[in-house]
Amino acid sequence: MLGAMQRFVASSWAPWALLALTLVLHVLATLAGTDAFAMVDLRVYLEGAQHLFDGTLYDFFSEPLHLPFTYPTFSAIIFTPMTWLPWTVLRVLWQVASFGAIGLIGYCTLRLLGRAGPRAPQPIANVRGIVVTITALGLWLEPVRTTFNYGQINLFLCALLLAGAVASKEWLAGASVGLAAGIKLTPAITGLYYLLQRRWSAVVWAVVFFAGTIAIGLLLVPAETVRFFTQLMFDPARTGPVWSAINQSLRGAIARLAGQDLTTVWLVAAAAAAALGVWAAWACLRAGDRTAGFLAVQITGLLVSPISWSHHWVWVLPLLLWCLFGPRQRLVPVRVLAVAWFVATCSYVVSLLIAQQYIDQPASRPGWQSGLGTVYPLLGIITLVVLGVLAARAIPPSGPSSDDPVTPVADEGVGPA
């Protein structure tokens, strides 16, 4: 089977044929749905840009789902070019660009792993075929698939942050974090990755670029920018019901299990998850596994955020690539982790749970639904434990100084993918 896979990605046409098949199946599957290519979140972005200068950016609701605009004003500013395009053209271009983002995520992850790119320490053959295959297959993971369905921005932010992580310049690394946070606040957690490596220049640049996005907002729409950063950013209820099955954060899981939003319990759980995540990221970076450290930070952010919609979990894609191509690919816990995430995201259990909901449903629900509704947060915690424990075991007692350069290292029993 491994030989067949190697021949497949080495082929000059097979990966592209698979990608073409995926495109056809994607269109057919979407047309078979009840809201074919509605892309409701893309509609919110478009209407946000249309309401940017009329004083109603955070007051209008996009129908038919009655969705508000919840991002910083900088987002609406950069979405303005959307208003120049017909709706059909915009949707087509957005989906094509989203496929490109998947490919960029795959390539940047391989570069961060040291398996592709200039001077890669452990290069793999047929990178182009592998990236095209990743693009074709990655679409069918539930977080990626729903990102396409909603017309969400997650894939672009993921690609931007990974591109920054493999950039050769510190200012580019910092810029990726600052710009991503200026578009959507939650990517700011990525700054922790650079803090743990004491890459102070990247951290400073991240702050500078984020401040720049705020300054642009203050210059163009001062009242709305002040309103967002002083009031609206502290109100998670604006983004939707915390208890919904689509909210795969710890807060959402706890609310569904308890039948109500338990803020104190969530804060304690979030603090514990944050501590676990920081430890896991630190252990991975000390062991020289930059990709695992980067992913640990992202998963921590998803767990502790008040709202983490299932499509925010697009980070499962680079995580699976770490399991397949990373320095611990042959270890049993890594293989079990890959299978668990594959089953969870390809079974579409979250989408099925969402289909069982109804408008204005209270937080309480049948026990089996509440249990299944913890799938991403539970696997997220397990992932942090696996990453941290494996990294800690790989560190010699007199492990490298935190000031030493961080480079990918091979683990025991690891061979080429």
Side-chain angles (χ1 to χ4, degrees), residues 105 109 138 141-147 154 157-158 161-162 186-190 192-193 196 236 242-257 265-284 289 291-323 326 328 333-351 353-354 370-392:
I105 289 169
T109 302
L141 301 175
E142 188 272 341
V144 179
R145 178 75 190 156
T146 51
T147 290
N154 307 306
L157 295 178
C158 181
L161 293 170
L162 281 167
T186 49
I189 188 71
T190 311
L192 178 62
Y193 170 73
L196 290 175
V242 170
W243 54 263
S244 175
I246 197 174
N247 181 17
Q248 288 292 304
S249 69
L250 283 174
R251 186 175 185 179
I254 292 170
R256 290 187 292 274
L257 289 172
V265 176
W266 163 63
L267 289 174
V268 173
L276 174 63
V278 171
W279 168 77
W282 175 252
C284 291
D289 193 340
T291 309
F294 192 85
L295 292 171
V297 169
Q298 302 301 335
I299 292 171
T300 301
L302 292 168
L303 290 172
V304 304
S305 175
I307 298 289
S308 291
W309 302 138
S310 68
H311 47 77
H312 293 173
W313 287 81
V314 292
W315 291 101
V316 172
L317 176 56
L319 174 63
L320 288 174
L321 295 180
W322 176 84
C323 293
R328 315 192 206 293
V334 174
R335 295 184 174 184
V336 172
L337 185 67
V339 171
W341 274 114
F342 180 81
V343 171
T345 54
C346 290
S347 65
Y348 287 81
V349 61
V350 175
S351 296
L353 291 174
I354 295 171
S370 298
L372 287 177
T374 66
V375 56
Y376 289 1
L378 179 60
L379 281 178
I381 292 172
I382 292 173
T383 300
L384 292 180
V385 172
V386 170
L387 293 179
V389 170
L390 292 181

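All values below were derived from every heavy atom in this structure, side-chain atoms included, with hydrogens, water molecules and symmetry-related copies excluded.
- C284 SG to R328 CZ: the interatomic distance, rounded to the nearest 0.5 Å, is 7.0 Å.
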(message) Run V314 and L141 through side-chain contact (heavy atoms from CB on, under 4.5 Å) and show every step you take.
(response) CA-CA 8 Å; V314 292; L141 301 175; over 6 Å; no
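- Only one option out of V297, N154, I105, L161 pairs with W315 in a side chain to side chain contact (heavy atoms under 4.5 Å, CB included); it is L161.
- Between the side chains of W322 and D289, at least one donor N or O lies within less than 3.5 Å of an accepting N or O.
- With values rounded to the nearest 0.5 angstrom, I189 atom CD1 is found 8.0 Å from Q298 atom CD.
- The main-chain N or O of L302 is found under 3.5 Å from a side-chain atom of S308 such that the two form a donor-acceptor pair.
- Proximity of S249 to I307: side-chain heavy atoms (C-beta onward) are nowhere separated by under 4.5 Å.
- Here the closest heavy-atom approach between residue L320 and residue A338 is recorded as CD2-O, 3.6 Å.
- Taking L157 as the reference, I153, A180, I183, K184, P187 meet the side chain to side chain contact (heavy atoms under 4.5 Å, CB included) condition, with sequence neighbours excluded.
- Cation-pi geometry between R256 and W243 is not satisfied (NZ or CZ under 6.0 Å from the ring centre, within 45° of the ring normal).
- Remark: Y193 pairs with F294 by the ring-ring contact (aromatic ring centres under 6.0 Å, His included) rule, at least two apart or across chains.
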Show me the side-chain donor-acceptor pairs of residues 376-391 shorter than 3.5 Å, one per line, residues at least two apart or across chains.
from: Y376; atom 1: OH; to: E142; atom 2: OE1; distance (Å): 2.7
from: T383; atom 1: OG1; to: W341; atom 2: NE1; distance (Å): 2.8
from: T383; atom 1: OG1; to: L379; atom 2: O; distance (Å): 2.7

(message) Apply side-chain contact (heavy atoms from CB on, under 4.5 Å) to residues W313 and Q248 and explain how you reach the verdict.
(response) CA-CA 8 Å; W313 287 81; Q248 288 292 304; 3.5 Å; yes
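- Once rounded to the nearest 0.5 Å, the distance linking OG1 of T300 with CG of L276 reads 7.0 Å.
- Of all heavy-atom pairs between L196 and A281, the closest is CD1-CB, 3.6 Å.
- At least one donor-acceptor pair under 3.5 Å links the side chain of N247 to the backbone N or O of P306.
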(request) Step by step, work out the side-chain contact (heavy atoms from CB on, under 4.5 Å) result for I354 and Y348. (result) CA-CA 10 Å; I354 295 171; Y348 287 81; over 6 Å; no
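- Among all heavy-atom pairs drawn from A392 and A283, the shortest one is N-CB, 4.3 Å.
- A274 approaches V304 most closely through the heavy-atom pair N-CG1, 4.0 Å.
- In terms of heavy-atom proximity, P318 sits nearest to T109 at CB-OG1, 3.4 Å.
- Rounding to the nearest 0.5 Å places CZ of R145 at 13.5 Å from OG1 of T345.
- In this structure, I246 CD1 and S351 OG are separated by 7.5 Å, a value rounded to the nearest 0.5 Å.
- In this structure, T147 contributes its side chain and P143 its backbone to a donor-acceptor pair below 3.5 Å.
- Between A245 and V350, the closest heavy-atom pair is O-CG1, 3.7 Å.
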